[in-house]
Amino acid sequence: MLTNVLKQITTKCSVSKLYCVASFGFSTLGNTQPHVCIVGSGPAGFGVAQTLLKNHEQVQVDMFEKIPVPFGLIRYGVSPDHQDVKNAINGYSQTATSERFSFFGNVDIGQDVSLPELLSAYHAVVLCYGAQEEATFNISGKNLKNVFSSKQFVGWYNGNPEFQNLDVNLSGKSAAIIGVGNVALDCARMLLKPTEQLQETDITSSALKTLQKSNIKSVYLVGRRGPMQMACTRKELSEVAGLECVNTFVEENCFSKSVETALKSKDLARRKQRRLVAYLQKVSKQVKDDTSEDTKKLYLKLLRSPVALESKNDDLIANVKLIKREMQGEDAFNPTFTDTNVVENLPCDIVVSCIGYQNAVISDDIPFVDGKIMNKNGKVDDRKDLFTCGWCSHGAKGVLADSSNDSLVTGASVLSNLDQLASDKNCNGSNDIVPKILQRGLQITSWKDWKTIDSFEIKRGQKLGKVREKVVSCDEMLQIANEGKSNEANTSEK
Ligand code: FAD
């Protein structure tokens, strides 16, 4: 059955890269209503929820989320100037209107409730909890002031409650960003973009104020490998390199002979890389004034490894020590890289390391290998009732469209096992687990509570001419939810 379902999905997905869900007409065996629990409310979680609800007439889907509000990295990762991407929440909110969907926010699985407890309350559990940890940045000086990980920096401007006390100092002139992927480009863009273009977005007012006062004039993007290895698209790069107020400098010597040969290749699978590098080459040839005070500058520093972060006399970052690297081999798509003895100093006033995210282990019951949950088509190895999807299943790579496709595959795996699982076990989902959580003294937020917080944020944003002004403390979110409930109770009493 799974093969059949996957075949239909593949056909549908190749027709449209959009959020495509086929109707497979699953039926239930017997009378037991299947209860499925989804851990995490990001794109993967909502994608799986949608697949299940659309394709099974009886399934009850309960979604548990660590913080009081939904949407994962759509809310706290995707850049405020990518509101079109953030609009994905409209589709997720539509899914949440199903009578067979419930949201339980402010419940940390692994901390507040264990995975075995969830498994005993549900016929199937789907892990969609993203990649929550920062990749290790093992370099001396990483604890100096004004050195941040992308998780911290992105979370700071996006209103993630965890990072609202970050002391971001933009009084200096230059920033070094370690990494050349799409997250690094987001960070560079936020530092270089005119703030007038951010003020109507959902960036927090406090981050906006800091950016408005910023003195940063130059941003250095540092990459360990060559141009063909940059983990971004031409469009993502041109969003920052093409800013009117920004001059971009790319060193011509990163286009070695092998890169030139690779640019002429006709290999369709490498088209994305070739388009990116052809754009870089064009930018490298443009003549710009490096001395002008009026424009901001973006410098692409490829083939360099950071080896130390240094301060002057205090504990504030002042310099990144870099080792130059060489690219060897005929094939620029698959070269080898070696360190040289050449050391370079990059004076800078703030550092953001954008070297990726990694999986958190939320239970010893999950088979992890190399930071990935071992699974086949979303079904966790050696488990009959445990599934996984999105960044926690395969590591932190891919964009929204990938999560949508993943969720169709995992959803199909769940669906093909669900009726059997439901007839094998007697369990009642949230009726079994929620009383236990409440007994532990935790406040759970519902979808209705989220809608109260959502309206609050939108109204507050409207007064400031912004799409929303986020609530940046979990306690305040819970308070707003409680006030919403008591207002409703008062209204119905009258
Ligand atoms: P997540 O979005 O991380 O969702 C996981 C959810 O699980 C979170 O809500 C988290 O709070 C919750 N959770 C974690 N642990 C627990 C627990 N123990 N118990 C309960 N809940 C838990 N893609 C694009 O298409 N366009 C972009 O412009 C774009 N920009 C990005 C910018 C940044 C900085 C980053 C990091 C990513 C960006 N992406 C973008 C990629 C996109 O965000 C991811 O592909 C997508 O969010 C992955 O979805 P996910 O559901 O696997 O994980």
Side-chain angles (χ1 to χ4, degrees), residues 17 19 37-49 62-89 92 103-115 118 125-135 149-158 160-163 179 181-190 231-233 235-236 239 352 354-363 366 373 378 388-407 410 437 444-445 450 474:
K17 290 274 178 218
Y19 210 89
C37 167
I38 294 179
V39 179
S41 66
F46 271 101
V48 172
D62 293 344
M63 182 178 275
F64 283 81
E65 167 56 51
K66 180 166 79 164
I67 61 165
V69 293
F71 306 136
L73 284 171
I74 298 284
R75 184 173 161 99
Y76 293 128
V78 172
S79 189
D81 62 342
H82 281 173
Q83 288 297 317
D84 51 336
V85 179
K86 289 189 185 247
N87 282 341
I89 67 170
Y92 305 153
F103 177 77
F104 300 96
N106 204 32
V107 184
D108 187 332
I109 305 303
Q111 290 280 332
D112 303 328
V113 178
S114 70
L115 182 61
L118 271 192
V125 172
V126 192
L127 303 170
C128 304
Y129 61 86
Q132 297 294 306
E133 307 284 322
E134 290 150 16
S149 67
S150 56
K151 189 177 176 202
Q152 292 174 313
F153 189 67
V154 168
W156 166 72
Y157 62 66
N158 258 321
N160 186 328
E162 213 180 323
F163 304 116
N182 57 345
V183 175
L185 294 175
D186 278 356
C187 294
R189 209 172 60 250
M190 293 303 285
C232 61
T233 62
K235 179 172 174 282
E236 286 160 349
E239 270 186 289
V352 184
C354 302
I355 54 169
Y357 295 71
Q358 61 188 26
N359 236 327
V361 179
I362 64 160
S363 168
I366 305 171
I373 300 178
T388 182
C389 183
W391 276 20
C392 75
S393 68
H394 52 59
K397 57 176 194 300
V399 290
L400 235 59
D402 302 301
S403 301
S404 300
N405 288 338
D406 284 357
S407 61
T410 299
I437 302 173
I444 299 175
T445 50
W450 154 243
C474 289

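All values reported here derive from a predicted model rather than from experimental measurement. In each ligand, atom 1 is the first atom listed, and ligand 1 is the first ligand listed.
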- Query: For ligand 1, does A396 get within less than 4.0 Å through its side chain, its backbone, both, or neither, judged by non-hydrogen atoms?
  - Reply: neither
- Message: Please determine whether any non-hydrogen atom of Y357 lies less than 4.0 Å from an atom of ligand 1.
- Response: yes
- Have a look at W391, F71, Y129, F64 and point out the one with the heavy atom closest to atom 13 (N) of ligand 1. Y129
- Apply the test side chain to side chain contact (heavy atoms under 4.5 Å, CB included) to residues I444 and V107: give CA-CA distance (whole Å), side-chain angles for both, the deciding distance (0.1 Å), then the verdict. CA-CA 7 Å; I444 299 175; V107 184; 4.0 Å; yes
- Output yes when the distance from some N or O of ligand 1 to some N or O of H82 is under 3.5 Å, and no in every other case. yes
- Query: Which heavy atom of the protein is the closest neighbour of atom 53 (O) of ligand 1, given with residue, atom name and distance?
  - Reply: G130 CA, 3.5 Å
- Message: Checking the N or O distance criterion of under 3.5 Å, is ligand 1 in contact with K66?
- Response: yes
- Query: Between F46 and Y92, how do the two ring planes meet: parallel, tilted or perpendicular, split at 30° and 60°?
  - Reply: parallel
- Per-atom filter on ligand 1: closer than 4.0 angstrom to a heavy atom of G390 are 52 (O)
- Are any of the N/O atoms in L73 less than 3.5 Å from those in ligand 1? yes
- Would you say the side-chain atoms of W391 pair up with the backbone N or O of K397, donor to acceptor, closer than 3.5 Å? yes
- The protein heavy atom nearest to atom 19 (N) of ligand 1 is I109 N, 3.0 Å
- Message: Test your reading of the model: is there a side-chain donor-acceptor pair from Y129 to the backbone of A360, 3.5 Å cut-off?
- Response: yes
- Main-chain N/O of N160 paired to N158 side chain as donor or acceptor, under 3.5 Å: no
- Atom pair CG/CZ of D112 and F104 - distance to nearest 0.5 Å: 14.0 Å
- Numbering the atoms of ligand 1 from 1, which are under 4.0 Å from a heavy atom of G72? 2 (O), 4 (O), 8 (C), 9 (O)
- Task: Determine whether the side chain, the backbone, both or neither of Q111 has a heavy atom under 4.0 Å from any heavy atom of ligand 1.
- Result: neither
- Message: Quick test: of every protein heavy atom, which one is nearest to atom 39 (N) of ligand 1, and how far off is it to 0.1 Å?
- Response: V78 CG2, 4.3 Å
- Between OG of S403 and NE2 of H394, what distance do you get to the nearest 0.5 Å? 6.0 Å
- Item | Nearest-neighbour protein heavy atom for atom 25 (O) of ligand 1, which is reported as residue plus atom name and distance | L400 N, 3.0 Å
- Contact check: I67 vs ligand 1, nitrogen or oxygen atoms, below 3.5 angstrom: no
- Message: With rounding to the nearest 0.5 angstrom, report the CZ to NZ distance, F163 to K151.
- Response: 4.5 Å
- Task: If you have a sec, work out which protein heavy atom is nearest atom 35 (C) of ligand 1 and how many Å separate them, to one decimal?
- Result: V183 CG2, 3.9 Å
- Which protein heavy atom lies closest to atom 11 (O) of ligand 1, and at what distance to 0.1 Å? E65 OE2, 2.6 Å
- Item | Heavy-atom gap G110 to ligand 1 smaller than 4.0 Å | no
- Query: Do any nitrogen or oxygen atoms of G398 come within less than 3.5 Å of a nitrogen or oxygen of ligand 1?
  - Reply: yes
- Task: With heavy atoms of V399 as the reference, note each atom of ligand 1 found under 4.0 Å away.
- Result: 23 (N), 24 (C), 25 (O), 45 (O)
- Query: Can you list the steps and then say if V69 with Y76 is a side chain to side chain contact (heavy atoms under 4.5 Å, CB included)?
  - Reply: CA-CA 11 Å; V69 293; Y76 293 128; 3.7 Å; yes
- Query: Do ligand 1 and A44 have nitrogen or oxygen atoms that lie under 3.5 Å from each other?
  - Reply: yes
- Message: Assess the residue pair N182 and V399 against the criterion (side chain to side chain contact (heavy atoms under 4.5 Å, CB included)); give the C-alpha distance rounded to whole Å, side-chain angles, the decisive distance to 0.1 Å, and a yes or no.
- Response: CA-CA 10 Å; N182 57 345; V399 290; 4.2 Å; yes
- Proximity flag V107 to ligand 1, non-hydrogen atoms under 4.0 Å: yes
- Query: So is P43 close enough to ligand 1, meaning a heavy atom under 4.0 angstrom away?
  - Reply: yes
- Query: Numbering the atoms of ligand 1 from 1, which are under 4.0 Å from a heavy atom of C128?
  - Reply: 5 (C), 6 (C), 7 (O)
- Pairwise distance NZ(K66) to CG(N106) - rounded to 0.5 angstrom: 11.5 Å
- Who's the nearest protein heavy-atom neighbour of atom 26 (N) of ligand 1, and how far? V85 CG1, 3.5 Å
- Got a donor-acceptor contact below 3.5 angstrom from the N359 side chain to the C392 backbone? yes
- Any nitrogen or oxygen of A131, main chain or side chain, under 3.5 Å from a nitrogen or oxygen of ligand 1? no
- Message: Give me the nearest non-hydrogen protein atom to atom 4 (O) of ligand 1 as residue plus atom name, then the distance to 0.1 Å.
- Response: G42 CA, 3.4 Å
- Message: Given 3.5 Å as the limit, does a donor-acceptor pair link the side chain of T410 with the main chain of S407, or not?
- Response: no
- Task: Output the distance between atom NZ (K86) and atom CG (L73), rounded to the nearest 0.5 Å.
- Result: 9.5 Å
- Message: The test is side chain to side chain contact (heavy atoms under 4.5 Å, CB included); show your working for C187 and V154 and say whether it passes.
- Response: CA-CA 7 Å; C187 294; V154 168; 3.9 Å; yes
